[in-house]
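Note on naming: letters A, B, ... go to the chains in the order of the sequence lines (proteins, then strands), and numbering restarts at 1 for each one. Here the structure is a predicted model, which is why all the values come from computation and not from measurement.
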Amino acid sequence: MGKTIRHAHVSSKRVTRGDWARTAESLTGATIRTVRRQGKQIFVELDRGTLYIHLGMTGKLLWNASPGKYTRAVLEFDDGTLLYDDVRQFGRVEFYSQLPPALSGTGPDALTVSFEDFYARLKKHRVGLKALLLNQQFISGVGNIYADEALFLARIHPEAPSHRISKRRAVRLHGEIVEVLKLAIQHRGSSISDYVDSAGNRGAFQQLHNVYGRAGEPCPRCGGAVKRIVVAQRGTHYCPRCQRA
DNA sequence: CAGATCACCTGCTTGC
DNA sequence: TGCAAGCAGGTGATCT
């Protein structure tokens with residue numbers, strides 16, 4: 001915060017959603033006021049607007065790294081360089097002078113949402129639970145890995161209908177979501193193939209996954225085989241013995 | 001409103 | 001060795 005972007009280059013029209021030349025132009029010379037996060041969205045508040053960043057599947061923010069084949073944006077500061085690298089380009093690096101309301105429409109952050117709010121929101125839907133957790137309008141910040149892990153810890157089947165969840169199980173689920181996210185952060189994230197933090201270090205939480213990516217392996221709780229199904233178009237991992245429908 | 005399907009991208013792994 | 005198919009942290013459009 002307080003730093004000025006001395007020069008910005010953008011080389012992907014995908015991650016900027018269109019006008020990349022103007023994105024770089026708008027960012028060059030801008031000073032950062034604050035940085036905030038809401039779920040998976042990063043809002044860098046500038047003196048002249050907002051820099052919106054979403055890492056998508058393979059996005060990385062790297063401080064003082066060398067640019068490579070997948071560098072899509074470069075922000076140069078007096079004391080270093082911030083790169084945005086993204087192989088698949090599902091991420092976003094966008095400049096807005098006025099933030100579109102749609103970007104602020106996500107639900108409360110999963111790490112801080114109160115149980116009361118969580119439960120009230122749960123009551124408004126009638127969907128499979130995993131699909132609900134992946135819905136960023138419901139709560140924001142839970143993706144495919146942590147949805148599977150939280151449901152495992154709470155012993156809830158990913159396709160359990162949200163409207164049939166007892167308050168007691170909702171309490172458990174809410175608690176496990178917070179726990180698994182905190183634990184994952186403590187272990188600096190899940191590096192399955194290429195995730196690294198801004199210093200280029202891999203996380204270690206993938207070693208502690210109970211079910212995600214472990215189809216066919218024994219369930220750490222009951223020893224039964226972890227199963228993989230498709231739910232909401234996403235690979236879904238769970239223990240059929242511990243997580244009953 | 002919910003669910004399925006496809007689309008957007010690129011690379012890696014698996015199986016024949 | 002080659003090649004096609006399937007898979008991957010996310011989201012958004014479209015159609016039923």
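- At the phosphate of C:dG9, OP1 or OP2 sits under 4.0 Å from a side-chain N or O atom of A:Tyr212.
- Between A:Arg88 and A:Gln233, the residue anchored closer to the 5' end of DNA chain B is A:Gln233, taking for each the nucleotide with the nearest heavy atom.
- Both the sub-6.0 Å distance and the 45° axial angle are satisfied by A:Arg221 relative to the ring of A:Phe152.
- In terms of position on DNA chain C, the residue among A:Ser190 and A:Leu103 whose nearest nucleotide sits closer to the 5' end is A:Ser190.
- Nearest nucleotide to the side chain of A:Gln89, out of B:dT10, B:dA4, C:dG10: B:dT10.
- Put simply, A:His125 has no side-chain N or O that comes within less than 4.0 Å of OP1 or OP2 on B:dC1.
- Atom CZ of A:Arg22 is surrounded by 12 or fewer heavy atoms from other residues, nucleotides or ligands within 6.0 Å.
- OP1 or OP2 of C:dG10 has not a single side-chain nitrogen or oxygen of A:Gln136 nearer than 4.0 Å.
- The residue A:Arg126 sits close only to the backbone: its heavy atoms come under 4.0 Å of sugar-phosphate atoms, none of a base.
- Taking side-chain N and O atoms only, A:Lys69 has a distance below 4.0 Å to OP1 or OP2 of B:dG11.
- Considering only the side chain of A:Arg234, C:dG9 comes nearest among B:dT10, B:dC8, C:dG9.
- Comparing atom distances between the A:Asn144 side chain and each of C:dG9, C:dT11, B:dA2 picks out C:dG9 as nearest.
- Atom CD1 in A:Ile145 sits roughly 17 Å away from atom P in C:dC7 (whole-Å rounding).
- For A:Asp78 and A:Lys3, the salt-bridge test fails: no basic side-chain N is under 4.0 Å from an acidic carboxylate O.
- Closest of all the heavy-atom pairs between A:Thr236 and A:Val230 is OG1-C, 4.4 Å.
- For the pair A:Lys40 and C:dG9, the criterion of a side-chain N or O lying under 4.0 Å from OP1 or OP2 is not met.
- For the pair A:Ile229 CD1 and B:dG3 P, the interatomic distance rounds to 13 Å; values are reported in whole Å.
- Ring geometry, A:Phe205 versus A:His187: the interplanar angle falls from 30° to 60°, so the pair is classed tilted.
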Between A:Gln243 and A:Ile156, is a side-chain contact (heavy atoms from CB on, under 4.5 Å) present by the stated rule, with each step listed? CA-CA 5 Å; A:Gln243 297 165 264; A:Ile156 297 172; 5.8 Å; no
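- Separation of the P atoms belonging to C:dA5 and B:dC6 is 15 Å when rounded to the nearest angstrom.
- Nucleic acid contact for A:Asp194: base, since at least one base atom lies under 4.0 Å from a heavy atom of the residue.
- In this structure, the OH atom of A:Tyr195 is 13 Å from the P atom of C:dG10, given to the nearest Å.
- Between C:dC3 and B:dC8, the distance separating the two P atoms is 25 Å to the nearest Å.
- In summary, of the residues considered (A:Arg36, A:Arg37, A:Arg33), a salt bridge (Lys or Arg N to Asp or Glu O under 4.0 Å) with A:Glu45 occurs for A:Arg36 alone.
- Phosphate contact (OP1/OP2 of C:dG10, side-chain N/O of A:Arg92, threshold under 4.0 Å): absent.
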Encoded 5' to 3' (Watson-Crick or G-U under 3.5 Å; [ ] crossing; | other strand), DNA chain C becomes .|||||||.|||||||
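- Atom name P, nucleotides C:dG10 and B:dC1: the rounded distance is 24 Å, in whole Å.
- Contacts of A:Phe205 with the nucleic acid, taken as non-hydrogen atoms under 4.0 Å apart, are absent.
- Listed nucleotides: C:dT11, B:dA2, C:dA8. Nearest to the side chain of A:Arg228: C:dA8.
- The minimum heavy-atom distance between A:Leu153 and A:Arg172, with the atom names listed, is O-NH2, 2.8 Å.
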